[in-house]
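So the structure is just underneath, and the comments pick up after that.
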Amino acid sequence: MEGPVSVLIGDNWQELEKGGLAVIPAGTTHTFQNKSDKKVGVLNVFMNGAYEAMMPQIKQLYADK
């Protein structure tokens with residue numbers, strides 16, 4: 001939505017500009033990073049409900065950092 005944003009998909013970083021798209025297969029390790037001084041906005045779309053069950057673990061992961 002608003003970039004630039006760096007996306008780690010598996011072992012590879014992709015650099016996305018505003019309006020960019022990254023398709024991440026289910027079960028693939030991934031993360032996002034803003035390496036710039038610009039505002040970044042990311043829209044995540046998930047194709048099944050499995051993500052919701054993982055939210056407590058994800059929340060704890062960020063709280064521990």
Side-chain angles (χ1 to χ4, degrees):
M1 293 178 56
E2 189 76 30
V5 65
S6 301
V7 182
L8 178 66
I9 304 172
D11 295 327
N12 300 309
W13 283 99
Q14 287 187 19
E15 304 300 322
L16 300 178
E17 297 297 326
K18 181 177 181 178
L21 172 69
V23 177
I24 304 169
T28 303
T29 300
H30 61 282
T31 192
F32 305 92
Q33 184 178 21
N34 180 1
K35 296 179 181 178
S36 75
D37 59 353
K38 297 179 182 178
K39 183 177 180 179
V40 171
V42 177
L43 173 65
N44 293 304
V45 177
F46 296 91
M47 300 307 289
N48 64 31
Y51 178 76
E52 293 175 9
M54 297 184 318
M55 281 308 294
Q57 295 138 327
I58 294 169
K59 180 181 173 184
Q60 189 61 48
L61 176 69
Y62 282 97
D64 292 345
K65 289 186 177 190

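Along the sequence shown, residues carry numbers from 1. Atoms considered below: every heavy atom in the structure, side chains included; atoms not considered: hydrogens, waters and symmetry mates.
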Exercise. Under a single-linkage definition using a 4.5 Å side-chain heavy-atom cutoff for Ile, Leu, Val, Met, Phe, Trp and Tyr, are L8 and I24 assigned to the same hydrophobic cluster?
Worked result: no
For this session: Only pairs at least two apart or in different chains count here, so list each side chain to side chain donor-acceptor pair (under 3.5 Å) that has a residue in residues 22-36.
Result: N34-S36
Exercise. Got a sec, which residues hit side chain to side chain donor-acceptor pair (under 3.5 Å) with Q57, two or more places apart in sequence or on another chain?
Worked result: none
Problem set entry | In one Ile/Leu/Val/Met/Phe/Trp/Tyr side-chain cluster, 4.5 Å: V23, V7 | no
For this session: Evaluate side-chain contact (heavy atoms from CB on, under 4.5 Å) for F32 paired with V40, printing each intermediate quantity in order.
Result: CA-CA 10 Å; F32 305 92; V40 171; over 6 Å; no
For this session: Could you list all the side chain to side chain donor-acceptor pair (under 3.5 Å) pairs where at least one residue sits in residues 3-13, not counting sequence neighbours?
Result: S6-E15
